[in-house]
Protein chains: 2
Amino acid sequence: MRASDKAYTELRRDIVEWKLPPGTVLGEVEQAERLGVSRTPLREALARLSADGLAVQQRGRGAVVSDVSLDHLDNLFELRRALEVESSRLAARSEHREGFARLAQRFTEAADALGGGDAGAALEPYYRLAGELDEAIDQAVDNPYIEQALRGLRTHLARVRRLAQDAPDRLRASAFEHAAIAGAIAAGDSELAAAATLLHLSHSLDHIKTHAGS
Amino acid sequence: MRASDKAYTELRRDIVEWKLPPGTVLGEVEQAERLGVSRTPLREALARLSADGLAVQQRGRGAVVSDVSLDHLDNLFELRRALEVESSRLAARSEHREGFARLAQRFTEAADALGGGDAGAALEPYYRLAGELDEAIDQAVDNPYIEQALRGLRTHLARVRRLAQDAPDRLRASAFEHAAIAGAIAAGDSELAAAATLLHLSHSLDHIKTHAGS
DNA sequence: GCACAAAGTTTTGTATACAGAGGTGCGTCC
DNA sequence: GGACGCACCTCTGTATACAAAACTTTGTGC
């Protein structure tokens with residue numbers, strides 16, 4: 001693995017996981033020493049982070065971890081709506097929809113598990129399942145431009161997710177909403193898939209806005 | 001201006017204007033000498049171009065100008081539909097819609113000019129007007145995430161535009177479609193704005209696909 | 001004559017050294 | 001006592017030198 005890739009991967013992970021909180025100044029020598037690479041590959045990593053929007057380059061002052069707050073939530077979800085609703089629509093029209101019926105079933109099972117006694121143990125599998133749905137939609141949409149836009153969006157979402165804690169009842173409802181999306185795609189009903197996605201996003205945003213900041 | 005910015009700007013312009021056609025290998029020393037900068041800032045420029053999708057880094061072989069062809073058109077317009085339809089919808093709901101009525105009028109006038117005797121002279125003003133509409137929508141949407149996604153999209157569109165020549169009658173129809181979009185936004189009718197945008201994109205894609213390659 | 005391997009050459013990837021710009025702190029002047 | 005200015009210092013931005021990896025070419029063996 002190249003040193004610049006290593007620096008990029010580590011810095012990106014640290015930023016997304018809030019180990020480097022917003023506003024942190026990323027001094028080149030400091031970070032280079034911390035990560036065990038030279039300044040040259042580190043600068044390349046910082047440039048990529050800036051392109052991702054995870055850092056902003058201040059003139060003369062180097063790079064600082066970009067700000068993120070609930071003020072961005074509406075903006076983030078507006079982009080999410082544009083991309084994900086259309087993605088669901090396209091996925092439902094795609095030829096490669098074999099896996100979605102099974103995914104819908106697994107989401108329903110996950111919802112039951114989240115409602116059961118040991119909800120904590122069902123949490124991690126549920127997040128992985130949600131990731132699988134994202135991947136399946138990406139594959140079905142089969143559009144590198146949309147995929148790239150979604151990748152950037154998901155990075156910011158993962159970062160903002162820290163601001164809102166996940167209540168078990170919300171996760172259970174979310175699982176049912178995901179099941180509806182996967183089911184609509186499996187059925188090839190593009191407008192139903194779009195509607196189900198729109199509903200999920202609306203509920204998701206509502207939940208974050210009412211339960212965040214505590 | 002920093003040397004890396006200069007290298008990025010020039011390379012980007014050369015790629016978008018097809019002075020560096022797809023498949024061109026961007027040797028580091030070669031380009032560094034051509035642009036009069038050192039390899040270090042040039043590498044930073046190449047990294048940014050890769051992030052934009054204008055170049056792809058091939059293992060061991062450096063960077064090459066990314067491919068672009070009519071095969072990408074459907075993918076590009078799918079993303080365009082997702083972003084621009086939602087942008088029009090958001091712009092129509094925005095508070096800052098003062099300029100759109102005037103823009104709609106200017107598009108109607110531009111359509112008349114394009115239908116008149118000296119259509120060639122009306123070409124350049126029309127392109128500028130289309131750019132103004134894009135900017136106005138960006139301002140009304142007021143969403144940095146969507147704006148960034150649109151910026152990347154427009155870069156690729158500018159590049160692919162070379163593949164399709166602009167027939168005068170299509171431009172005239174396009175002007176009317178733009179007038180409809182601007183008018184709907186000015187009226188604050190979000191669904192009408194979305195529909196007008198959808199129609200414009202559909203016609204635009206149809207035209208390119210039937211008239212391209214000659 | 002073709003295929004495989006090895007060596008050479010060209011290229012990228014990394015480190016370090018140097019220069020320039022900006023910021024901060026202290027001193028002096030008003 | 002406060003404000004402005006100068007100097008020092010730290011940090012970014014750039015260049016160059018070195019190392020490593022990959023591709024190409026040539027030679028030899030089958």
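Letters go in sequence order (proteins before strands), and every chain restarts at 1. Just so you know, these numbers come straight off a predicted model, no measurement behind them.
Picking from C/dT14, C/dT24, D/dT12 the nucleotide with the shortest atom distance to the side chain of A/Arg61 gives C/dT24. Here the nucleotide nearest the side chain of B/Arg39, chosen from D/dG13, C/dT12, C/dA15, is C/dT12. Here D/dA15 is the nucleotide among D/dA15, C/dT14, D/dG13 with the atom lying nearest to any side-chain atom of B/Ser38. Comparing atom distances between the B/Ser4 side chain and each of D/dT14, D/dC18, D/dG13 picks out D/dT14 as nearest.
Between B/Asp74 and B/Arg80 there is no salt bridge, since no side-chain nitrogen of the basic residue lies less than 4.0 Å from a carboxylate oxygen of the acidic one.
Residues A/Arg89 and A/Thr197 have side chains that never bring a donor and an acceptor to within less than 3.5 angstrom of each other.
Taking a 6.0 Å sphere around CD of B/Gln139, one finds it holds 12 or fewer heavy atoms contributed by other residues, nucleotides or ligands.
The distance from atom CD of B/Gln58 to atom C1' of D/dC23 is 13 Å, rounded to the nearest whole Å. What separates CG of A/Leu26 from C1' of D/dC11 is a distance of 14 Å, to the nearest Å. Rounded to whole Å, the distance from CE on A/Met1 to P on D/dA21 is 16 Å. One can place CG of B/Leu42 at 14 Å from P of C/dT11, the figure rounded to the nearest angstrom. Per the geometry, CD belonging to B/Glu33 stands 13 Å off C1' belonging to D/dA15, to the nearest Å. Taking atom NZ on A/Lys6 and atom C1' on C/dA15, their separation rounds to 16 Å, with Å as the unit. Rounded to a whole Å, the CD atom of A/Glu30 is 15 Å from the P atom of D/dT10. Rounded to whole Å, the distance from CD on B/Glu28 to P on D/dA22 is 15 Å.
Residue whose closest nucleotide on DNA chain C sits further toward the 5' end, between B/Gly27 and B/Thr40: B/Gly27.
A donor-acceptor pair is defined here as one N or O able to donate and one able to accept, closer than 3.5 Å; such a pair exists between the side chain of A/Arg97 and the backbone of A/Ile185.
Note: A/His178 and A/His200 have tilted aromatic rings, judged against thresholds of 30 and 60 degrees for the angle between ring planes.
In this structure, A/Arg43 reaches the bases: a heavy-atom distance under 4.0 Å links it to at least one base atom across the strands shown.
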